[in-house]
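To start, the structure under review is shown below, and the notes come after it.
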Amino acid sequence: MDPLLEGLNEEQKKAVLQVSGPVLILAGAGSGKTRVITHRIANLLINHGIDRICAVTFTNKAAAEMLERVKNLVPFVPGNLQVKTFHSFCLYILRREATFFGFDSGFTVYDTTLQESLLKQVVKDLSLDPKFYKPSMLGNYISGLKDKMLSPEAYLEKEGRTDFSKTVSAIYKEYERRKDASRAFDFGDLIWKTVQLLQKSPEVLDKYRRKWEYVMVDEYQDTNKVQYALVILLAGEKKNLCVVGDDDQSIYSWRGADIGNILNFEKDFPDSVVIKLEENYRSSSNIILAASKVISNNTQRKQKEIFTNNPEGSPVVLNEFQNESEESHGAVVRIRSFYSSGIEYKKIAIFYRTNSQSRYFEEALRNAGIPYKIFGGFRFFDRAEIKDFIAYLNVVSNPLDSVSLLRIVNYPPRGIGDSGIDKIREFSLEKGISLLETLGQEEIPLKKAAKSKGKELYNVFNDLIEKVEKGSSPSEIALELLNRSGLMSYLKEEGTEESIARLENLQELVNSIEEYEKNADSPSLEEYLNQISLLTSEEDTKELTDYVNLMTVHNAKGLEFKIVFLSGLEEGTFPHSMSLEDSQHGDEEERRLFYVALTRAREDLFLSYCRTSRKFGKVEDRIPSRFLSEVPRECFGNQYTNRERTARRPQGPPLASKIRERDEENDSVFSETPSPENLGLKPGDRVKHKQFGTGTITTVSGKEKNTKVSIRFGNVEKNFFVAYTPLEKL
DNA sequence: TTAGTTAAGATTTTT
DNA sequence: TCTTAACTAA
């Protein structure tokens, strides 16, 4: 038998062998979906000599995983095969077709920050109230319109002419105009402009249809209107289109995902082959029981049942903790014990609903010396100093990029403040020249010092732009810019710990550019900048080989782990209060999200919630997530102890009866004191400080070397690092 | 204009 | 709690 088919069930084989025409694979969680896709790609490559394939996913992590698994199946990966996210896929096309948009020398990709700063300018210039028209809200709104392929005019038409819609439409229009003048695309543009390109240019469309005769889309239930349009365009008349998805795992409606895309596939393609994968090979039957019972509470779903022939496995464990620190500590203790019994860290994942929750786990893992990697959330490229320097590079690569220029025109300080900036912008508008050009003008009405600094900056940019044209390498440009921008000396002079760290980060960025140069076919500054704009955190961490995975549940989709910790299962966090406000979907999307989380686990699933958690630094009481009561009692096994762990509150939470440890062994989790690192200092202690005399400790924070204490001396409160401050305990 | 201080306000999820 | 906007003094 073909080794590609080994170990596959009949339906999976059918999916792998279905070469041409439209195919819909309805794949339940853990039904071997990625296996089917990768084997299908391998089958096309090996048995049919077809390499004109593109496979599109949503997250970088899923794309990387897919490519990796294809690599393991085939002797080599042909250049024609593309496995990418929607965004990187479109970037690939747009970079090659930029001339279509009149962007003859490429373009800049605006991330959310640059998008919002442009919107802020627009709101200001249209004399609108920035308190009401918040850049972040406008950014989301406009992105949403782009997902639906609505232009400012089409939006107005559809929405009706209210004061609000008229204003938003005007902002949107002006935003587009300026973005265009800055020769930039935002994230939404990447996909929509690609669709427009393919619609308007038959030659280009034809070219890419021939380049990729076979199109595969993963997580099809999460495609939105514009992504749908893209897929349909690419599939063309040949319709060699294979989509894979599961309506129960649709978790992106807030980004315009249209579940109708998957539900209507058979209508869109009447000659399609539909394959259902319902057997779960991933998880223990305990986990599958929990997950399928929970999801059955949703009304808006296709009636179906996932099942497994896997053994029952360990009980699902539900833990209650007093707060987030104890919760993360509890996970660390278990991770340690798993590790000492021979389980690698990378088999373990910790999930949470929102990125901010990662903090506690990071802290606990760091203190325990356990390697970890955070997916999503804050990236290296999100650091302010990196963004600043990238803004510098953006201007060199695209002198028309006024948004980036404005970001750094006064950083480091050049005496060009808000009023100076206004003057420069006025002048540039009057003369019809770019902002950068304006900086070089003699007659701008600025103070002498500011004017000469501006001119200096202009010269630096001009020189570097010239050097790019003469073929200087990106890293050469970066190094020179680092010096001549004054950034380097500014940070050096500052001399604080903070500024030194920033300098090191900038050095790290230069390293990253050098790294890129080594690997790229024909390295250019512009390509580098384009690429990093789509990067998420997984690509930029140092290469660790074994690490615990930390991520949001959204990021976890499509992945699987032997051991999963799902944390923060409290009302308001999961389901998140913000999503409950959206009455249209109610809590159903949150439940799907919970379902996704549960079905990631292969063997061990630990659920946890806290009695109290912090919100904006304030401790608040919490109640367990509604989803916990939807998990059948028997999933938690029979072995419970009745001991209360944290008897700080007399009355138990609603679910107290369920929330027990499963056996004595695990009791040790709680008998360890959570943080012995504070050197014995605790709030309320009286201490003596050499300089300030006697005071009372109000708070203790941080761990080990980083332990900080706040001490109140009379009416003043001061903060100290315990490690640096000799304190005498009284 | 800048640096330093104070008060408000922020957090859903991703590219 | 932490970041940013607004305010104030120089």
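Within every chain, numbering begins at 1; the chains are lettered A, B, ... in the order of the sequence lines, protein sequences first and strands thereafter. What you see is a predicted model; the values in this text were computed from it and never measured.
- Side chains of A/Thr108 and A/Asn394: no donor on one and acceptor on the other come within 3.5 Å.
- As rounded to the nearest Å, C/dA6 and B/dT11 have C1' atoms that lie 22 Å from one another.
- Residue-level contact check: A/Gly420 touches the backbone only, with heavy atoms under 4.0 Å from sugar-phosphate atoms and none from bases.
- Scanning atom types as modelled, no donor and acceptor separated by under 3.5 angstrom connect the side chain of A/His576 and the base of B/dT12.
- Where stacking is scored as ring centres under 5.5 Å apart with planes under 30°, A/Phe616 does not register as stacked on the base of B/dG9.
- Salt-bridge annotation for A/Glu219 and A/Lys33: present, with a side-chain N of the basic residue lying under 4.0 Å from a carboxylate O of the acidic one.
- Contacts of A/Ser356 with the nucleic acid, taken as non-hydrogen atoms under 4.0 Å apart, include base atoms.
- Remark: the A/Arg614 side chain and the C/dT1 base include no donor-acceptor N/O pair separated by less than 3.5 Å.
- Between A/Thr112 and the phosphate of B/dT14, there is no side-chain N or O to OP1/OP2 separation shorter than 4.0 Å.
- A sub-4.0 Å separation between OP1 or OP2 of B/dT1 and a side-chain N or O of A/Ser419 is present.
- In this structure, A/Leu559 atom CG and B/dT14 atom P are separated by 12 Å, rounded to whole Å.
- Going from atom CD of A/Glu589 over to atom P of B/dT12 covers 14 Å, rounded to whole Å.
- Distances shown here put every side-chain N or O of A/Asn555 at or beyond 4.0 Å from the OP1 or OP2 atom of B/dT13.
- Taking only side-chain nitrogens and oxygens, A/Asn140 never comes nearer than 4.0 Å to OP1 or OP2 of B/dT13.
- Between A/Leu593 and A/Asp418, it is A/Asp418 whose nearest contact on DNA chain B lies nearer the 5' terminus.
- The aromatic rings of A/Trp254 and A/His554 lie perpendicular to each other, with more than 60° between the two planes, well past the 30° mark.
- Candidate nucleotides B/dT2, B/dT14, B/dT15 were compared by shortest atom distance to the side chain of A/His554, and B/dT14 ranks first.
- Residue-level contact check: A/Asp111 touches neither bases nor backbone, having no heavy atom under 4.0 Å from any strand.
- A residue-by-residue look at A/Gly188 and A/Lys131 shows that A/Lys131 has its nearest nucleotide of DNA chain B further toward the 5' end.
- Proximity of A/Asn410 to the phosphate of B/dT2: a side-chain N or O atom is located under 4.0 Å from OP1 or OP2.
- The A/Thr85 side chain lies nearest to B/dT15 when the options are B/dT15, B/dA3, B/dT13.
- A tilted orientation is assigned to the rings of A/Phe185 and A/Phe103, their planes being inclined by 30° to 60°.
- Counting atom types as modelled, A/Arg353 pairs a side-chain N or O with a base atom of B/dT13 as donor and acceptor under 3.5 Å.
- Here A/Tyr252 does not pack flat against the base of B/dT14, since the 5.5 angstrom centre distance and 30 degree tilt limits are not both met.
- Tested against A/Lys146, the residues A/Ile191, A/Asp186, A/Asn224, A/Leu190 include a single side-chain contact (heavy atoms from CB on, under 4.5 Å) partner, A/Asp186.
- Closest approach to the A/Leu534 side chain among B/dT12, B/dT15, B/dT2 is made by B/dT15 (side chain taken as heavy atoms from C-beta onward).
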